Amino acid sequence: MLTTEWETEINKCAKCGKCRSICPVFIETGNESMVARGRISLADALRSGEIIHTERLREYLLSCKKCLRCSHVCPSGVDYDFIIQAMLDDLANHIGIWLIPRIVFRLFLTRRWLFNLLLKTASIFQRVVPLKRHGTMRHLPFMFMGGRWIPPLAKESVLKKYRNTRKIKSPKMKVGFYVGCLINYIYTDIADAVIEVLNHFEIEVVVPQGQLCCGIPARSLGDIKTARKLAETNVEVFEKANVDFIINACATCGRTLKRDYPRILGERCLKFTNKLYDISEFIEKYCTYEAKSLNTKITYHDPCHLYWGQNISKQPRDILRRSSGFQEMENPERCCGGGGVFNLLHYDLARKIGEYKTKAIEKSGADVVATGCPGCRLQIEDLLAAQGSAVKCTHTIQVLRDALLLPR
Ligand code: SF4
Ligand code: SF4
């Protein structure tokens, strides 16, 4: 149901076109229906009844990466993210959600045991099918997900590995770790580093077992029912864990928990959201340390959902400057082309957007590119593997762990 608040936001747009100059999708396509201004015009047309809810409209809405850049340069202060999310919800109300995503969201995302089973089956497939490799990356056949390079699924999920809390003698504080799907099932090395670093600072880390997906894939397709269910479960699980802070190492999950949960659940989740920190934000605020500077040239890619979504860019750089031979790349905040639903639906476009990023990484002369989002890591690793590049991608917290010389 579209609201007055939605109409107010639409009316704010002065049609100046400034969003066109920075939108990664518009820069590649030049298509006015694929940029904030064009989609706001579509919203206007929907309001006046000039257009109706169709699959074509959905296509234009889902061609947005939700990178949030446009909202930050908009001179009229239009809350574009709010406009597009309301349209996606409304569209789902009118013409429904595609069948396969609906099954995945409602059956698997809300039931951890079933999701585990699905991923276990996929990991067996990954092991038995002889796929072309580049390092640990595996190349999928073209007809299967467009010939992507993907990392292996973990043999043991983070939730299973850390079901028992590592006890710390006289801990300074107790934090809850919101893991997120990519870290739980693929990038378990990021979780290892988070826990090792926090334990090093005498902080006890609890990984609450009932936690589920943050809900962003469901929310992106307008499945508000599933998104609400997931949000309610996560808030409840972390409230029961009774922790001082809640940390996460995924820019997209972090932004969803901080910004979308209050919109979905209202004030009742403020106790939860007030405790949330991205791991780099938390380290720089609460931990004092001296790290050995690693003899590695490291550059940094700003995830959109950290840089634009949470205003976090100094903290990861402070960590990397102290831990390595840090080398800034050109336009580090430029989008890598990653991003869940967009990447799945527009893989060719995502790769085109990412071309600038891989060139900037190579040009920086770094051996390693660090970032703060497993989604960006997935995209950057795919792009680098496709080029046969020797540059490695990692998470900022893994660099700090190595610089602190922590035993594994
Ligand atoms: S920058 Fe803002 S005001 Fe200008 S066209 Fe884009 S959304 Fe509208
Ligand atoms: S959120 Fe990003 S992709 Fe979407 S319109 Fe704004 S700049 Fe373009």
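We count ligands from 1, going down the list as the structure has it; atoms in each ligand are counted the same way. Residues take their numbers from the sequence shown, with the count starting at 1. None of these values were measured; they are calculated from a predicted model.
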TODO: Starting from atom 4 (Fe) of ligand 1, find the nearest protein heavy-atom neighbour and note its residue, name and distance.
DONE: Cys16 SG, 2.3 Å
- [ ] Supply the atom-to-atom distance Arg268 CZ to Ile264 CD1, rounded to the nearest 0.5 angstrom.
- [x] 10.0 Å
TODO: Tell me which part of Lys12 gets within contact of ligand 1: side chain, backbone, both or neither, using heavy atoms under 4.0 Å.
DONE: neither
TODO: Identify the protein heavy atom lying closest to atom 3 (S) of ligand 1, giving its residue, its atom name and the separation to 0.1 Å.
DONE: Ala14 N, 3.3 Å
Open item on the list: Residue-level breakdown please: for Val73 versus ligand 1, do any non-hydrogen atoms fall below 4.0 Å on the side chain, on the backbone, on both, or on neither?
Closed with: neither
Task: Atoms of ligand 1, numbered as shown, that sit under 4.0 Å from any heavy atom of Lys15 - done: 5 (S), 8 (Fe)
Open item on the list: Please determine whether a side-chain nitrogen of the Lys or Arg among Lys275 and Glu239 lies less than 4.0 Å from a carboxylate oxygen of the Asp or Glu.
Closed with: no
TODO: Give the residue and atom name of whichever protein heavy atom lies nearest to atom 8 (Fe) of ligand 1, and the separation in Å to one decimal.
DONE: Cys13 SG, 2.4 Å
Task: Numbered atoms and elements of ligand 1 in range of Ile40, under 4.0 angstrom, heavy atoms - done: 7 (S)
Task: Close side-chain approach of Cys23 and Cys70, heavy atoms under 4.5 Å - done: no
Task: Straight-line distance of Cys181 SG to Ile216 CD1, nearest 0.5 Å - done: 11.5 Å
TODO: Taking only heavy atoms of Tyr80 into account, list the atoms of ligand 2 that are under 4.0 Å away from them.
DONE: 1 (S), 4 (Fe), 5 (S), 6 (Fe)
Open item on the list: In the structure I gave you, are the side-chain heavy atoms of Glu284 and Ile319 within less than 4.5 Å of one another anywhere?
Closed with: yes
Open item on the list: Tell me whether the rings of Tyr277 and Phe245 are parallel (<30°), tilted (30 to 60°) or perpendicular (>60°).
Closed with: perpendicular
TODO: Examine the proximity of ligand 2 to Arg39 and report which part, side chain or backbone, both or neither, has a heavy atom under 4.0 Å away.
DONE: side chain
Task: Cys74 backbone or side-chain N/O/S under 2.8 Å from atom 8 (Fe) of ligand 1 - done: no
TODO: Using a strict cut-off of less than 4.0 Å between a Lys/Arg side-chain nitrogen and an Asp/Glu carboxylate oxygen, indicate whether Lys359 and Glu362 qualify as a salt bridge.
DONE: no
TODO: Examine the proximity of ligand 1 to Ser76 and report which part, side chain or backbone, both or neither, has a heavy atom under 4.0 Å away.
DONE: side chain
- [ ] Please work out whether the ring planes of Tyr178 and Phe238 are parallel, tilted or perpendicular, with thresholds of 30° and 60°.
- [x] tilted
TODO: Can you label the angle between the Tyr289 ring and the Phe201 ring as parallel, tilted or perpendicular, going by 30° and 60°?
DONE: tilted
Task: Side-chain heavy atoms of Met87 within contact of Arg39, under 4.5 Å - done: no
Open item on the list: Which of the numbered atoms in ligand 1 are under 4.0 angstrom from any heavy atom belonging to Arg37?
Closed with: 5 (S)
Task: Parallel, tilted or perpendicular: rings of Tyr261 and Phe272 (30°, 60°) - done: parallel
Open item on the list: Quick one, Glu381 with Lys392, criterion salt bridge (Lys or Arg N to Asp or Glu O under 4.0 Å). Give me CA distance, side-chain angles, the key distance, then yes/no.
Closed with: CA-CA 8 Å; Glu381 285 187 339; Lys392 300 264 177 299; over 6 Å; no
TODO: Have a look around atom 8 (Fe) of ligand 2 and list protein N/O/S atoms under 2.8 Å, or say none.
DONE: Cys23 SG
Task: Salt-bridge present (Arg259, Asp81; N to O < 4.0 Å) - done: yes
- [ ] For ligand 2, indicate whether the residue Asp81 contacts it via side chain, backbone, both or neither (heavy-atom separation under 4.0 Å).
- [x] neither
Task: Gly17: numbered ligand 1 atoms lying under 4.0 Å from its heavy atoms - done: 4 (Fe), 5 (S)
